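In what follows, every chain begins at residue 1, and chains take the letters A, B, ... in the order their sequences are listed. Keep in mind that this is a model prediction, so the values were computed, not measured.
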Amino acid sequence: MRIIQALKSIGESGSLVFYQNQKITQLGKSGKINEAIKIFESMTSRNTVTWNSMISAYAKNGRINDARNLFEQMPLRNLVSWNTMISGYLHNDKVHEAAELFERMSRRDLFSWTLMITCYTRNGELEKARILFDQLPDKRSPVCWNAMIAGYAKNGRFEDARRLFDKMPVRNLVSWNSMLAAYIQNEEMGLALDFFDKMSERDVVSWNLVIDGFMQIGDLDSAMQFFQRIPSPNVISWVTMLSGFARYSRIDEARRIFDQMPMRNVVSWNAMISGYVLNYQIDEAIILFEQMTEKNAVSWTTMINGYVRIGKLEKARELLNLMPYKNVAAQTAMISGYIQTMQMEEARQIFDEMDTRDIACWNTMIAGYAQCGRMDEANKLFKQMFRKNIITWNTVIAGYAQGGEMNKALRIFEKMEEKNIVSWNSLISGFTQNGLYMDGLRHFVLMGREGKKPDQSTFASSLSACANLAALQIGKQIHHLVVKIGYVNDLFVGNALITMYAKCGRILSAEQVFNDIDNTDIISWNSLISGYAFNGYGKDAIQLFQEMLTEGLNPDQVTFVGLLSACSHAGLIDEGLKLFKYMTEKYCIEPLAEHYACIVDLLGRAGRLEEAYQLVMEMPIKANAGTWGALLGACRLHKNLKLGKLAAEKLLEFEPYKTSNYVLLSNIHAEAGSWNEVEKVRMLMKEKGVEKQPGSSWIEIKNQVSVFVSDDSVLPRTVEICEMLKALMAQMRNVEYMPELALAYWNLDDLWHCVK
DNA sequence: CTAGGGTTAG
């Protein structure tokens, strides 16, 4: 009908063009970009509005490059063309490009200013937005004020929003709604409801904001009550309810809403599909997806994500191939799917095929390589990246840290301009996990100096460093900080504290922490049991274990490692053997090499060397270095040269480059007085090229850990320290303290040195 | 044809 009408009036100049322009806009808005292109290309005469409409249509459908091409090609640009292009960049998250155009404009109107302010606030660049806002030519128009208020709201600054709201000269309904949204986005439901009651005028947006607020805090009942009070709910009211129920996995209620809706748009369908996807009901999701007459990029992305979620990558890929204009989100979803299943080559293929990529996509790819330990490739991408964000940097740091390359991690970290808590935590936990405890603590201190507050992860890592260094004073200080900043009730921190005190020999403090924390988990119990073990309190370990059972907790493999080592350290041989039996028979826990090592140690201490050896030979899993090491230790204790030699040789097969093993072997020979053999071991080391690692120790003085390395005479105060050592040796002789000289085969002339 | 408040994918 309308076409006929339009054709009838074709005589009037430009009315067909006018009609076609409208059609392009309408098609662009409803996602039918192909039809819009068809009309545009068939047009014989076009005016500036035609070009503007087409630019807008492209931009609304994610084809921002096509939009820009048209913008460049068009014969005559007006102010609206520039604004439309900026708006396109705004909706495609390309703030940088938008700003470039804005700068180049010769004339700007209120549209231009508002667009640009919105661009900056979307990007979190509130200060830039505010500078523009303050330069604003027309202060009486509420539109820009509203944009700035919304910008503050979305970035969590509702007080700033409120200040602006109170200051603005003319308010309209949108201003009131923007302020209402500010409260709701910051989960201030009390303030929001007061504000809502004070509003003299409300529209459906105001109501929708409130029901969304209830949904965000999980109060579905209140949301429903308010929803029923809305005078005339629109699609968005319905979708808010639908997606709210879907988000909380109340999928049947969500479906009921979906079926009852008097009107549905693409978003409604997408929300329902997303609900099913979240609930792993992919079959239901695909039925709806196929029924949809009008799919947009979100529909496709949601569905692809759904298949990725349940591991059906072929199905996901099929959909991606069918998708008409693949967007970054869909492609990134596919890439993460491949990465989750370690199919890096497939992931890379998609990545290479993409015509535009966002930072998140690059980051996903880099994280993928990092997870696979392929840091060279990760780093190559990192270097290629044009614009990086803080996540990019943190991903690379964590990648290097996990691969043990702390030098590289540190170098990247030091190049960062703006570090956040995640950057610091990646670095500190990297040091700690790679045994570089001092470096970990040093950076913990540096972080404090830069005024950054530690969080639970920082505390867990640095407490673990203290535990391994037995740095009690520093550990205690960190504990105070934990209390002060308020992480006492964090499980990770609590468990780290237990381990720290236990490893520092303060088992009473460990107990106290254990008793003080509100909620314990299996790791807390295991930590305290291992703590008892470490300090030789075998009976307490067993008693705690029994308490754990009465509490109804199920012990795991780690529990028994702690228990068995507790028994071996305390010489509780029968109890240990009984527990081992209990573990395998009652709890059906497959013993690990660690468990066998404990049992070997137990039998060995009791002098039952043959039995221990028998166990090692018969155990169903392969003995590891720990098992042979336990046997070797027992042999030395009971001076069993024959078995000891055998164990030592086995041990050397596992760890041919570990100096301490050679030391053990040569000590056995030395104790037996076979000096020829001792010499042979020394030759063997030379042959294998084993470097004697400098011995090191550390001492805590006035809250400062000092590391001493042997055979290093460069640093100051060496002479002083040696004098002191000599004096101490003399005193020790006086009180008849004799070090075990049989063990002192290695350089007695070592110098101890203060590194820091 | 372009700007401010509300929904969906990441």
Taking atom P of dG6(B) as reference, at what distance in whole Å does atom CE of Met199(A) sit?
13 Å
When the distance from CD1 of Ile350(A) to P of dG10(B) is rounded to whole Å, what number comes out?
17 Å
With a 3.5 Å cut-off and just heavy-atom distances, do the side chain of Asp358(A) and the base of dG10(B) make a donor-acceptor pair?
no
What is the distance from NZ of Lys60(A) to C1' of dT2(B), rounded to the nearest Å?
8 Å
Looking only at the side chain of Thr25(A) (C-beta and beyond, no hydrogens), which of the listed nucleotides dG5(B), dC1(B), dG4(B) gets closest?
dC1(B)
Using salt bridge (Lys or Arg N to Asp or Glu O under 4.0 Å) as the criterion, list what pairs up with Asp134(A), not counting sequence neighbours.
Arg130(A)
Give Asn305(A) one of three labels, base, sugar-phosphate or nothing, depending on what nucleic acid heavy atoms sit under 4.0 Å from its own.
sugar-phosphate
Applying a 4.0 Å non-hydrogen cut-off, can you work out what Ala150(A) is touching in the nucleic acid: base, sugar-phosphate, or nothing?
sugar-phosphate
Side-chain atoms of Asn234(A) come closest, of dG6(B), dT7(B), dG4(B), to dG6(B)
Between Asn146(A) and Ser178(A), do the side chains contain an N or O donor and an N or O acceptor separated by less than 3.5 Å?
no
Assess whether atom CE of Met199(A) is packed by more than 12 heavy atoms of other residues, nucleotides or ligands within 6.0 Å.
yes
Mind checking Arg247(A) for me? I need base, sugar-phosphate or nothing, with any heavy atom below 4.0 Å counting as a touch.
sugar-phosphate
Nearest-nucleotide check on DNA chain B, Asp93(A) vs Arg122(A); residue mapping nearer the 5' end is Arg122(A)
Report the nucleotide, chosen from dG5(B), dT7(B), dC1(B), that has the shortest atom-to-atom distance to any side-chain atom of Val80(A).
dC1(B)
Using atom CH2 of Trp269(A) as one end and atom P of dT7(B) as the other, report the distance to the nearest whole Å.
22 Å
Go through dA9(B), dT2(B), dG6(B) for me and flag the one nearest to the Thr302(A) side chain.
dA9(B)
Determine: side-chain N/O of Lys295(A) to OP1/OP2 of dA9(B), distance under 4.0 Å, yes or no.
no
If you draw a 6.0 Å radius around CD1 in Ile251(A), do more than 12 non-hydrogen atoms from other residues or ligands fall strictly inside?
yes
Over all strands shown, is Gln185(A) touching base, sugar-phosphate only, or nothing at heavy-atom distances under 4.0 angstrom?
sugar-phosphate
Say whether, by atom type as modelled, one donor and one acceptor occur between the side chain of Arg108(A) and the main chain of Trp113(A) under 3.5 angstrom.
no
Rounded to whole angstrom units, what separation is found between the CE atom of Met303(A) and the P atom of dG10(B)?
13 Å
Considering only heavy side-chain atoms of Ala147(A), the closest of dG5(B), dA3(B), dG4(B) is dG4(B)
May I ask you to decide whether Lys388(A) forms a salt bridge with Glu418(A), counting only side-chain N to carboxylate O separations under 4.0 Å?
no
Of the options dG4(B), dA3(B), dT8(B), whose atoms approach the side-chain atoms of Pro142(A) most closely?
dG4(B)
Arg229(A) to Phe226(A) six-membered ring, cation-pi geometry met (6.0 Å, 45°)
yes
Roughly how many Å is it from CE in Met179(A) to C1' in dG6(B), rounded to a whole number?
16 Å
Which of dA9(B), dA3(B), dG5(B) is nearest the side chain of Ser87(A)? It is dA3(B)
Taking OP1 and OP2 of dT7(B), is either one under 4.0 Å from a side-chain nitrogen or oxygen of Ser243(A)?
no
Does Thr332(A) reach a base, just sugar-phosphate, or nothing at all? Heavy atoms under 4.0 Å.
nothing
Base, sugar-phosphate, or nothing: which does Thr118(A) touch, judged by heavy atoms less than 4.0 Å apart?
sugar-phosphate
Can you measure Phe226(A) atom CZ to dG6(B) atom P for me and round it to whole angstrom units?
19 Å
Donor-acceptor pair under 3.5 Å, Asn172(A) side chain vs dG4(B) base:
yes
Report the nucleotide, chosen from dG6(B), dT2(B), dT8(B), that has the shortest atom-to-atom distance to any side-chain atom of Thr84(A).
dT2(B)
Taking only the side-chain heavy atoms of Phe111(A) (C-beta and beyond), determine which of dA3(B), dT8(B), dG6(B) contains the nearest atom.
dA3(B)
Roughly, in whole Å, what's the span from CZ in Phe165(A) to P in dG5(B)?
15 Å
Of the candidate nucleotides dT8(B), dT2(B), dA3(B), which contains the atom at the shortest distance from the side chain of Asn83(A)?
dT2(B)
Mind checking if Asn265(A) touches a base, just sugar-phosphate, or nothing, with heavy atoms under 4.0 Å?
nothing
Quick one: label Asp212(A) by what it contacts on the DNA or RNA (base, sugar-phosphate, nothing), any heavy atom closer than 4.0 Å.
sugar-phosphate
